[in-house]
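Below is one structure, written out as structure tokens; the observations come after it.
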Amino acid sequence: MFAGAERVADRYFTVLAATNGTDAARLGLAISRRAAKRAVDRNRIKRLIRESFRHQRPALPPVDIVVMARPTAPAATSEELARALDTLWQRLVKRCAVSSRS
RNA sequence: GGAGUCGGCCAGACAGUCGCUGCCGGUUAGCCGGCGGAGGAAAGUCCGGGCUCCACAGGGCAGGGUGCCAGGUAACGCCUGGGAGGUGUGAGCCUACGGAAAGUGCCACAGAAAACGAACCGCCGAUGGCCCUUCGGGGUACAGGUAAGGGUGAAAAGGUGCGGUAAGAGCGCACCGCGCGACUGGCAACAGUUCGCGGCACGGUAAACCCCACCCGGAGCAAGACCAAAUAGGGGAGCAUUGGCGUGGCCCGCGUCGCUCCCGGGUAGGUCGCUACAGGCGUGCGGUGACGCGCGUCGCAGAUGAAUGGCUGUCCUCGACAGAACCCGGCUUAUCGGCCGGCUCCCUUG
């Protein structure tokens, strides 16, 4: 999963994606205690990612995605994180399209 | 009205919509409907208990914990009431609050001395010695007496006054304080000071060792129980027996290899444990209270990559600290703002 996956990142998240052989996208979360010390922050970040993924799922290619939070994420507002995720999904879609053509 | 103190409570609200999840019902079966879905600390994991497995005849030692008394409790290092000491004008608040006349150790610096009860300065020098003498006495870097004064220290051997004396001293007396015993009140801790005895002996330190009393088996839900592939291996029965290989000169026998079935252990994975109770609310009774008993009533998260959220609108006082993971009782720590009640002090008015 980690080897040979497409990778996009910004200051809040690192996103990995790899073709999974099914017909729909699947999501995995990796929010470490090191990235977000408080349980409340970890839960908030996970919920935001799930919600964003749920909205974007029809537009995504059939890949397994792992979203990892970075230590800057807990300090950001929910709106900032939601915008960041939208951008990341779009970049991911483009990247996968390119790699599947090549 | 202001200041303070103690106790209790709330933790944005409502609507729409899209989702997640547990249970129940339906079902045209990865669909629909209904109901439920984080906290007062869910946190720290510091104590106590339930539950589970392991160990265990009984007793002792070691180790750890607790430590004024009584009560509450399943239990506690918690809570309630009381006592003592400290603190605040007060309501209140704080206290590792057993034992130092069992033993051992320690008490820095300063100071003469920090403890088998002490002379540095000072005071005295009555008594004995020495010197002088006008024979009245005087002097003394002698022996010695002395804890009143100075000084050191966190702490210096009861305090004040009078008597007393050479100077002093519980040496004597009065009052205060202290110790021991009796008595009285109280379950007790303790108090009273009524009485007697003792002139007073017992410096502090036990978060120093220690002594005394009481308590404590270990590990934790990844506890533990059940179901159970694939692969490898184990045990048993049967089949093939005219088989191959090994042992052996050969036969029997023994070992091993094949096929079928059964059994047990056990990994992945799954299920249970998993939420109903030392339970919440109301009420009556008992108790100063913590709490207990009775009756009625309610059903109140159960996830397992781990749910409890996103968006929109309206309103307000613009929302802190923070997220369950087997379950309870406490303690501690974090916390925007607000509400209710008891009590205290000060000011003003009547």
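Every chain is numbered from 1 and lettered A, B, ... according to where its sequence line falls, protein lines coming before strand lines.
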Quiz item: Given B:rU308, is OP1 or OP2 found less than 4.0 Å from the side-chain N or O atoms of A:Arg47?
Solution: yes

Quiz item: Does B:rG246 have a Watson-Crick or wobble mate here (both distances under 3.5 Å), and if so which one?
Solution: B:rC254

Quiz item: Is B:rA108 in the syn range, within 90° of 0, or in the anti range?
Solution: anti

Quiz item: What distance, rounded to whole Å, do you find between the two P atoms, one in B:rG40 and one in B:rC10?
Solution: 8 Å

Quiz prompt | First of A:Ser78 and A:Asp41 reached from the 5' end of RNA chain B, by closest nucleotide | solution = A:Ser78

Practice problem: Walk me through it: do A:Arg44 and A:Ser78 pass the test side chain to side chain donor-acceptor pair (under 3.5 Å)? | Solution: CA-CA 8 Å; A:Arg44 179 171 69 97; A:Ser78 297; 3.2 Å; yes

Quiz item: Given that both distances must come in under 3.5 Å, which nucleotide forms a Watson-Crick or G-U wobble pair with B:rC79?
Solution: B:rG71

Quiz prompt | Lys/Arg N to Asp/Glu carboxylate O, A:Arg54 vs A:Glu51, below 4.0 Å | solution = yes

Quiz item: How should the glycosidic conformation of B:rG39 be described, syn or anti, under the criterion that syn lies within 90° of 0?
Solution: anti

Exercise. Measure from CZ on A:Phe53 to P on B:rC311 and round the result to the nearest Å.
Key: 19 Å

Quiz item: Can you tell me how far P of B:rA307 sits from CD1 of A:Ile49, to the nearest Å?
Solution: 13 Å

Self-check item: C1' spacing across the pair B:rG86 / B:rC68, given as an integer number of angstrom
Solution: 16 Å

Quiz item: So what does A:Arg50 hit on the nucleic acid, given a heavy-atom distance under 4.0 Å: a base, only sugar-phosphate, or nothing?
Solution: sugar-phosphate

Exercise. List the steps and the verdict of side chain to side chain contact (heavy atoms under 4.5 Å, CB included) for A:Ile49 and A:Ile31.
Key: CA-CA 11 Å; A:Ile49 296 170; A:Ile31 316 300; 4.0 Å; yes

Self-check item: Closest to side chain of A:Asn43, choosing from B:rG309, B:rA307, B:rA324
Solution: B:rA307

Exercise. Scan every strand shown for a Watson-Crick or G-U wobble partner of B:rA303, both distances under 3.5 Å, and answer none if you come up empty.
Key: none

Quiz item: Does B:rC35 pair with anything, Watson-Crick or G-U wobble, both distances under 3.5 Å, and if so, with which nucleotide?
Solution: B:rG22

Exercise. In whole angstrom, give me the gap between the P atoms of B:rC216 and B:rC109.
Key: 48 Å

Exercise. Please state the P separation for the pair B:rG83 and B:rA70 - nearest whole angstrom.
Key: 15 Å

Self-check item: Torsion-based syn/anti label for B:rG150, 90° from 0 as limit
Solution: anti

Practice problem: For nucleotides B:rC214 and B:rG39, find the distance between their C1' atoms and express it as a whole number of Å. | Solution: 38 Å

Quiz item: Where is the tightest heavy-atom contact between A:Ala69 and A:Ile45, given as atom of each residue plus distance?
Solution: CB-CG2, 4.3 Å

Quiz item: B:rA55 and B:rA75: how far apart are their P atoms, nearest whole angstrom?
Solution: 28 Å

Practice problem: Would you indicate which nucleotide in B:rA307, B:rC311, B:rG310 comes nearest to any side-chain atom of A:Glu79? | Solution: B:rC311

Quiz item: What distance, rounded to whole Å, do you find between the two P atoms, one in B:rG150 and one in B:rA169?
Solution: 14 Å

Practice problem: Nearest whole angstrom, please: distance from the P of B:rG309 to the CG of A:Leu81. | Solution: 17 Å

Quiz item: Quick one: A:Arg44 CZ to B:rG309 C1', roughly how many Å, whole number?
Solution: 13 Å

Practice problem: Using whole Å, report how far CZ of A:Arg57 lies from P of B:rC18. | Solution: 19 Å

Practice problem: Report the distance from atom CD of A:Glu80 to atom OG1 of A:Thr72, rounding to the nearest 0.5 Å. | Solution: 10.0 Å

Quiz item: Taking all non-hydrogen atoms of both residues, which atom of A:Val93 and which atom of A:Pro61 are closest, and how far apart?
Solution: CG2-CD, 4.2 Å

Practice problem: Among B:rC311, B:rG323, B:rG19, find the nucleotide with the atom closest to the side chain of A:Arg54. | Solution: B:rG19

Practice problem: Quick one: classify the glycosidic conformation of B:rC54 as syn or anti, with syn meaning within 90° of 0. | Solution: anti

Practice problem: Specify the separation, in whole Å, of atom CZ of A:Arg38 and atom P of B:rA41. | Solution: 20 Å

Quiz item: On a whole-Å scale, what distance lies between the P atoms belonging to B:rU87 and B:rG172?
Solution: 36 Å

Quiz item: What is the distance from CD1 of A:Ile45 to P of B:rA306, rounded to the nearest Å?
Solution: 16 Å

Quiz item: Taking a pair as Watson-Crick or G-U wobble with both distances under 3.5 Å, which nucleotide is matched to B:rC221?
Solution: none

Quiz item: Which residue lies toward the 5' end of RNA chain B, A:Ala30 or A:Ala39, if each is placed at its nearest nucleotide?
Solution: A:Ala30

Quiz item: Which base, if any, makes a Watson-Crick or G-U wobble pair with B:rG163, both distances under 3.5 Å?
Solution: B:rC171

Quiz item: Does a side-chain heavy-atom distance below 4.5 Å link A:Phe53 with A:Leu29?
Solution: no

Quiz item: Ion pair present between A:Asp41 and A:Arg38, side-chain N to carboxylate O less than 4.0 angstrom?
Solution: yes

Self-check item: Base partner of B:rA15, which must satisfy Watson-Crick or wobble distances under 3.5 Å
Solution: B:rU312

Self-check item: Nucleotide paired to B:rG58 in any strand shown, Watson-Crick or G-U, under 3.5 Å
Solution: none

Quiz item: Just how far, in rounded Å, is P of B:rA307 from NZ of A:Lys46?
Solution: 6 Å

